[in-house]
Asks: 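Can you read through this structure? Questions will come right after.
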Amino acid sequence: MDTADNSQESSNESDDFNEMLSEEECSRPESPSSRPTLLVSSQEPKALDDFTLNFLIKMGMRKTFDCFQTEWYEMMQRGSITGKHVGFVPEIYLHNQLLDNEMRRLNKVIECYKEAAVKQEEILVKLQKERDIHRLHHRRVVQEKQRLISDMKRMEKHYACCEPEPKQRAGVLNA
């Protein structure tokens, strides 16, 4: 029973860890092994219509997407386009698509790093202002200390000069 509790705790910890990692996708760069490979030849060839429809969706061309889809399926039903005529997308286009996706992912990572740099810069400016305030306060305290020391020395000199007179007066009164 104790081992079941331990395994449940470890699975909860791993779930928490995985959630934390998914929330902080900008916090760490991906290792090269976790990136998708750019070799396209291992993938199945993509049909031309699928490639075109995916492109239109990705670019946000909704009206063009609807028109293309309507016209494409009308031509398929009429028989003007058959499977022989359609063919597949050349590998270079799929490779370019993968490169474009990788570039978009890297741009997101760059944006995350830029945001982190801006936050760090704000923190740095705040800490520099706080440091300057403390420096000014320290300088004021040092100046006040020096002023008080000079006042004490001046008062000591003043009282040193005044001390013999009361002693002399006391001597005169006793005599």
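This chain uses plain numbering: 1 for the first residue, then up along the sequence.
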Asks: Does the pair Asp132/Lys129 count as a salt bridge with the N-to-O cut at 4.0 Å?
Replies: no
Asks: Quickly, which of His138, Lys145, Arg139 forms a side chain to side chain contact (heavy atoms under 4.5 Å, CB included) with Val142? Name it, please.
Replies: His138
Asks: Under 4.0 Å between a Lys/Arg side-chain N and an Asp/Glu carboxylate O for Arg105 and Glu102?
Replies: yes
Asks: To the closest 0.5 Å, what do you measure between CZ (Arg131) and CG (Leu136)?
Replies: 10.5 Å
Asks: In the structure I gave you, are the side-chain heavy atoms of Arg154 and Asp151 within less than 4.5 Å of one another anywhere?
Replies: yes
Asks: If you measure from CZ on Arg140 to CZ on Arg147, what distance do you get to the nearest 0.5 Å?
Replies: 13.0 Å
Asks: To the nearest 0.5 Å, tell me how far Glu122 CD sits from Gln120 CD.
Replies: 9.5 Å
Asks: Is any NZ, NE, NH1 or NH2 atom of the basic residue among Asp100 and Lys58 found under 4.0 Å from an Asp or Glu carboxylate oxygen of the other?
Replies: yes
Asks: If you draw a 6.0 Å radius around CD in Glu121, do more than 12 non-hydrogen atoms from other residues or ligands fall strictly inside?
Replies: no
Asks: With the side chain counted from C-beta on, respond yes when Met103 and Leu99 share a heavy-atom pair under 4.5 Å apart, and no when they do not.
Replies: no
Asks: If you round to the nearest 0.5 Å, how far is CZ of Arg104 from CG of Leu106?
Replies: 12.5 Å
